[in-house]
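Input: a single structure, listed below in structure tokens.
Indexing begins at 1, ligand by ligand and atom by atom, following the structure's order.
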Amino acid sequence: MPEKTPLLSNLAETLIGSEIVRMNGEIKEKMKKGEQIFNFTIGDFDTSIFPIPIELEEEIIHAYRKHFTNYPAGEGEPELRKSVAQFIKERQGPEYSLEEILIASGGRPVIYSAYRAICDEGDKVVYSVPSWNNNHYVHFVKGHHVTVPTSVKNHFMPTAEDLRPHIAGARLLALCSPQNPTGTTFSKKQLEAICDLVIEENARRGSYEKKLYILFDQIYWQLTFGDIVHYDPVSLRPELKEYTIFVDGISKCFAATGVRVGWTMGPEVIISKMKAIMSHIGTWAPLPEQRATSKYLMQKWSVDNNLRQFKSSLHDRLVKIHTGFLHLKKEGYPVDAITPQGGMYLSVKIDAAGKHTAEGSLLHDQSDVTRYLLDEAKLAIVPFSVFGTEENVPWYRLSVGACKIDEIQDMLNKLKSALSNLK
Ligand SMILES: Cc1ncc(COP(=O)(O)O)c(C=O)c1O
């Protein structure tokens with residue numbers, strides 16, 4: 001029998017859908033049947049716990065009432081690009097002209113168009129694992145995946161030593177801090193060493209050779225905890241301004257995932273091409289939301305106040321769960337967790353493969369453990385393998401975007417009891 005002819009493009013036939021969305025479908029089915037599930041899988045917010053700032057909401061309503069409902073400017077409304085430039089300069093440091101800033105409908109179109117603008121088929125793209133969605137974007141451009149494993153010792157952030165063997169000839173280095181899925185960040189030293197590696201590599205390349213760019217995803221950068229400071233390549237090494245494309249926006253820092261306003265800062269030559277790519281797919285942020293965001297970003301008191309409260313609510317939840325995991329570890333359960341540094345995620349370890357359930361069935365591998373956690377502890381979390389690690393890595397991403405603080409103890413009790421039943 002001849003093989004079935006594919007109906008669609010090679011891209012469409014080979015694209016992998018989101019594993020997290022699939023898991024969520026299953027969880028929702030269980031919940032519909034009345035099961036109580038502690039759903040810590042999604043990178044989104046429960047709006048009854050984390051609504052967008054009221055001042056932003058009011059600006060959006062006001063913009064619609066004013067009928068700002070036309071096509072926005074392809075590069076984004078000048079008012080918003082001005083606000084972004086000022087916001088970044090005041091809060092982060094680097095200075096960007098309006099021509100070096102592009103507005104999009106969230107972070108995703110920024111990432112997609114950056115990949116499209118920089119990479120040709122077969123180009124080497126270096127990214128560490130676990131990391132968020134780089135595998136899919138590399139697939140889009142038919143790039144050559146260079147995945148770099150990371151270690152718990154470095155909080156699953158890549159180091160210059162991890163990256164060094166893979167940098168020669170690479171076209172794009174994708175970095176993210178605070179990182180999805182780990183909730184950890186680059187230290188100054190770590191990121192400086194990576195920056196120096198890129199500078200060294202670009203200096204080594206002849207003028208005829210294409211350069212290495214950094215795609216620096218800082219969509220969670222306002223959400224750092226305690227003494228943790230957010231570092232970026234351009235503030236640390238200004239000469240990297242020529243080679244760095246930022247991914248940024250309001251989705252995470254203002255719990256505004258559905259508002260769809262993102263932006264990028266980068267070299268004008270690349271930004272203008274990204275704008276052209278986006279104009280063909282129409283991934284502009286809606287005009288009323290652009291107008292509203294440009295006003296909101298300049299409301300310093302409200303932004304500071306909202307961020308303070310929001311960060312503290314996320315941090316309280318993360319710390320409570322982290323502490324609970326460390327208690328279980330002390331009591332001898334096969335679990336661990338990494339101190340949360342930023343974002344909305346916690347890295348937790350549940351190392352139960354090879355154990356037997358009370359009914360005597362063997363948990364062969366990590367996917368059996370994931371299923372056991374869902375069935376017995378009613379705990380839904382995302383295995384790191386979804387973010388590109390090997391299948392049997394016992395670490396998970398736990399998201400607190402939909403976490404009610406008074407459910408945490410309940411969840412920990414259920415987890416303890418499920419683990420106690422294992423032999
Ligand atoms: C690291 C990272 N970058 C970018 C995005 C995309 O954000 P947006 O919802 O603005 O497209 C996400 C969303 O989960 C993310 O986790």
Side-chain angles (χ1 to χ4, degrees), residues 17-21 23-24 40-47 50 52 56 76 80 84 102-116 125 127-138 140 150 155-158 172-186 214-224 230 232 244-266 274 277-278 281-286 289-290 293 297 314 318 340-347 382 384 386-388 397-402:
S18 165
E19 179 66 11
I20 302 172
V21 171
M23 282 179 78
N24 251 294
F40 293 112
T41 57
I42 50 165
D44 199 356
F45 302 96
D46 177 336
T47 56
F50 299 116
I52 62 169
L56 174 60
L80 177 54
V84 167
L102 174 64
I103 309 299
S105 56
R108 283 171 175 83
V110 167
I111 304 174
Y112 176 78
S113 58
Y115 267 89
R116 275 278 181 232
V125 180
Y127 59 95
S128 61
V129 288
S131 70
W132 181 81
N133 273 8
N134 284 301
N135 51 343
H136 301 302
Y137 293 106
V138 178
F140 266 120
T150 51
H155 305 147
F156 296 109
M157 295 300 287
L172 189 64
L173 170 62
L175 303 173
C176 177
S177 182
Q179 187 170 249
N180 178 5
T182 56
T184 54
T185 58
F186 281 122
I214 301 174
L215 184 64
F216 194 76
D217 189 336
Q218 58 168 26
I219 200 122
Y220 297 91
W221 77 275
Q222 315 267 353
L223 306 176
T224 52
H230 172 69
D232 72 85
T244 303
I245 301 105
F246 283 96
V247 180
D248 205 346
I250 66 168
S251 298
K252 307 293 174 159
C253 59
F254 300 123
T257 48
V259 178
R260 307 312 302 154
V261 178
W263 57 80
T264 175
M265 296 89 69
M274 288 167 67
I277 292 166
M278 284 193 206
I281 37 178
T283 48
W284 312 294
E289 279 76 359
Q290 290 201 38
T293 305
L297 290 181
L314 291 173
L318 291 163
Q341 296 182 314
M344 55 195 284
Y345 309 112
L346 187 69
S347 292
V382 187
F384 271 14
V386 168
F387 304 100
R397 179 186 87 171
L398 187 155
S399 165
V400 293

Sub-4.0 Å atoms of ligand 1 with respect to non-hydrogen atoms of Cys176: 1 (C)
Asn135 and Tyr127: CA distance, side-chain angles, deciding distance, side chain to side chain donor-acceptor pair (under 3.5 Å) verdict: CA-CA 9 Å; Asn135 51 343; Tyr127 59 95; 5.5 Å; no
Heavy-atom check, side chain of Pro178 versus side chain of Tyr345, under 4.5 Å: no
Assert yes or no for the condition that the ring centre distance of Phe140 to Tyr115 is strictly below 6.0 Å. no
Within the 4.0 Å heavy-atom cut-off, what Gln179 brings close to ligand 1 is neither
N/O separation below 3.5 Å, Tyr345 to ligand 1: no
Quick one: list whatever passes side-chain hydrogen bond (donor to acceptor under 3.5 Å, both in side chains) with Trp284, sequence neighbours left out. none
Given side chains that start at C-beta, do those of Ser177 and Phe216 come closer than 4.5 Å, heavy atoms only? yes
Are Ile219 and ligand 1 in contact, using a heavy-atom cut-off of under 4.0 Å? yes
With Arg397, the side chain to side chain donor-acceptor pair (under 3.5 Å) member among Thr41, Asn180, Thr182: Asn180
Please list, in number order, the atoms of ligand 1 under 4.0 Å from a heavy atom of Asn180. 1 (C), 15 (C), 16 (O)
closest protein heavy atom to atom 14 (O) of ligand 1 is Lys252 NZ, 2.9 Å
Could you tell me which atoms of ligand 1, counted from 1 in the order shown, lie closer than 4.0 angstrom to a heavy atom of Ser251? 8 (P), 9 (O), 10 (O)
Side chains of Val247 and Leu215 in contact at under 4.5 Å (non-hydrogen atoms): yes
Under 4.5 Å between any side-chain heavy atoms of Phe254 and Val261, yes or no? no
Is the closest heavy-atom distance from Gly43 to ligand 1 below 4.0 Å? no
When distances are taken from atom 7 (O) of ligand 1, the protein heavy atom at minimum range is Arg108 NH1, 3.7 Å
As an exercise, identify every atom of ligand 1 less than 4.0 angstrom from a heavy atom of Gly106. 10 (O), 11 (O)
Heavy-atom nearest neighbour in the protein, as seen from atom 12 (C) of ligand 1, with distance rounded to 0.1 Å: Trp132 CH2, 3.5 Å
Between Gly107 and ligand 1, is there a nitrogen or oxygen pair with a distance under 3.5 Å? yes
CD-OG1 distance between Gln218 and Thr185, expressed to the nearest 0.5 angstrom: 13.0 Å
Please determine if Arg260 has a nitrogen or oxygen closer than 3.5 Å to a nitrogen or oxygen of ligand 1. yes
Starting from atom 3 (N) of ligand 1, which protein heavy atom do you reach first, and at what distance in Å? Asp217 OD2, 2.5 Å
